[in-house]
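Each remark here refers to the structure printed beneath this line.
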Amino acid sequence: MPELPEVETVACALAPALTGRTIFKVKLFSPALRSPLDPLKKTLPGRKIVNIRRRARYIIAGLDNGNALVIHLGMTGVIRIEKPEIPRRKHEHIFLYLDDGLVFRFEDVRRFGSLEVHPVCRNGLPEMFGSFGPEPLSAAFTAEYLFGHSRGVRSAVKSFLMDNAVVAGIGNIYAAETLFAAGIDPRRETETLTRDQCRKIVKHARRILRAAIRAGGTTVSDFKQVDGSEGKFTVFLQVYGKKGKPCPVCGFPLELARIGGRSSVFCPKCQK
DNA sequence: CTAACTCCCTGATAGC
DNA sequence: TGCTATCAGGGAGTTA
């Protein structure tokens, strides 16, 4: 499933393929994903894509009229830039025809993805991103920031790290991996974190996210890069999806807990 | 205000 | 073999 490194990988691949392109036709094969697709038939034709950015797990294609196409890959979203002659795959929901003869094609088996057009603010981003916390790889994501926001929060630290309003774009995989590396139990009450533990979380989150971006993301079942290849970070995962396997540090069997409705694998010996 | 829950969707897998 | 139940999960929405 795509998280920050996967979305970053896709956005970087899309930038050269889409920047400067004009969308001249929109073809729908489904009425809606998470939200209706029909409005795109009115808002996209004739628009030129001026830039491609990423914020949290969203891809933002800036348009030449002060709007932006905001794309979320959901759980199973795959974007391809291909020739129109290639037959439509079963779960391809929308084609955007480009002025260079290629087609932006969006496939999404579970339909948790979304494509919406929104006006942008002065910072070039739609208003919805105003409530988001800092990017984890930005200078604003510091131990002091995390510690400050953790005071008075009684929910589990894993849910805290996965909250876009706290820090943008960390999902289930990287929250689990970060907390394992930091030696912190994912069920731990957020307000009990020390400054030093916040420092460890920030350090390891940044290290792991950077490594995952270098590897082209993590492929767990569905994720594909724009060129169709799989992410190579999968082999570096320490705990995600490894319930019952020995802890890579101490050998004790990894355990599974459900936190905020999400499965969370951790080592009960190494994470306190 | 926070926190906990529910729902959306389909395919893979387990169990009978 | 074929059925049903369960699980995966981001984010929006609802409830307490």
Side-chain angles (χ1 to χ4, degrees), chain A residues 1-8 10-11 28-37 54-60 70-79 88-94 106-116 118 125-133 135-136 148-179 186-193 209 212 217-224 230-231 234 237 239-244 254-266:
Chain A
M1 68 223 66
E3 288 188 33
L4 189 153
E6 294 73 40
V7 178
E8 176 74 16
V10 172
L28 301 183
F29 305 98
S30 305
L33 296 172
R34 278 191 57 82
S35 54
L37 292 172
R54 179 193 60 75
R55 177 81 168 104
R57 270 168 284 205
Y58 291 86
I59 296 163
I60 301 148
V70 180
I71 302 166
H72 198 293
L73 299 174
M75 297 289 301
T76 53
V78 176
I79 293 170
R88 184 178 80 89
R89 297 165 183 85
K90 184 177 175 189
H91 295 291
E92 284 185 319
H93 304 294
I94 181 169
F106 191 88
E107 179 187 50
D108 188 1
V109 173
R110 289 185 216 173
R111 300 158 64 137
F112 274 29
S114 63
L115 291 91
E116 297 174 5
H118 293 284
L125 297 176
E127 192 186 357
M128 58 183 284
F129 296 108
S131 62
F132 280 39
E135 286 289 321
H149 277 258
S150 68
R151 299 305 90 183
V153 177
R154 308 179 58 147
S155 51
V157 61
K158 178 153 175 285
S159 304
F160 178 68
L161 283 183
M162 290 174 64
D163 183 350
N164 272 335
V166 174
V167 55
I170 296 183
N172 206 23
I173 298 175
Y174 297 103
E177 294 296 313
T178 295
L179 289 171
R187 301 166 296 184
R188 176 83 171 269
E189 227 176 62
T190 303
E191 66 179 357
T192 68
L193 291 174
L209 289 169
T218 301
T219 292
V220 177
S221 73
D222 296 299
F223 174 69
K224 294 272 195 312
E230 303 204 327
T234 319
L237 294 178
V239 294
Y240 178 84
K242 296 184 186 292
K243 176 189 77 162
L254 297 173
E255 290 183 6
L256 177 74
R258 279 197 90 74
I259 302 171
R262 302 290 174 257
S263 63
S264 313
V265 182
F266 66 101

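None of these values were measured; they are calculated from a predicted model. Here is how names work: the chains are called A, B, and so on, in the same order as the sequence lines, proteins then strands, and each is numbered from 1. FYI, side chains are in, hydrogens and waters are out, and symmetry mates aren't considered; it's all heavy atoms of this structure.
No salt bridge links A:R151 with A:E191; every basic N to acidic carboxylate O contact stays at or beyond 4.0 Å.
With sequence neighbours left out, A:R55 forms a salt bridge (charged side-chain N to carboxylate O under 4.0 Å, His left out) with A:E135. With sequence neighbours excluded, no residue satisfies side chain to side chain donor-acceptor pair (under 3.5 Å) with A:S263. Checked against side chain to side chain donor-acceptor pair (under 3.5 Å), A:R57 has no partners two or more places apart in sequence or in another chain. With sequence neighbours excluded, the residues forming a side-chain contact (heavy atoms from CB on, under 4.5 Å) with A:V167 are A:P136, A:F141, A:I170, listed by chain and number. Annotation: ring-ring contact (aromatic ring centres under 6.0 Å, His included) contacts of A:H149 (sequence neighbours excluded): A:Y145. Remark: A:H72 pairs with A:Y58 by the ring-ring contact (aromatic ring centres under 6.0 Å, His included) rule, at least two apart or across chains. With sequence neighbours excluded, the residues forming a salt bridge (charged side-chain N to carboxylate O under 4.0 Å, His left out) with A:R89 are A:E82, A:E92, listed by chain and number. Residues satisfying the side chain to side chain donor-acceptor pair (under 3.5 Å) test with A:E107, not counting sequence neighbours, are A:R80.
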Per-nucleotide protein contact along nucleotides 6-13 of chain C, 5' to 3', at a 4.0 Å heavy-atom cut-off (B base, S sugar-phosphate only, - neither), is --BBBBS-

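Fit an axis to the five pairs at each end of the helix from B:dT2-C:dA16 to B:dC16-C:dG2 and the two axes sit 50° apart, to the nearest 10 degrees.
Protein chain A contacts DNA chain B from B:dA3 to B:dG11, reading 5' to 3' and using non-hydrogen atoms of the protein with a distance under 4.0 Å.
Remark on DNA chain B: of its neighbouring residues A:G152 and A:K90, the 5'-side contact belongs to A:G152, judged by nearest-heavy-atom nucleotide.
Within the structure, every pair that satisfies the side chain to side chain donor-acceptor pair (under 3.5 Å) test and touches residues 156-170 of chain A, not counting sequence neighbours, is listed here: A:K158-A:N172, A:K158-A:S264.
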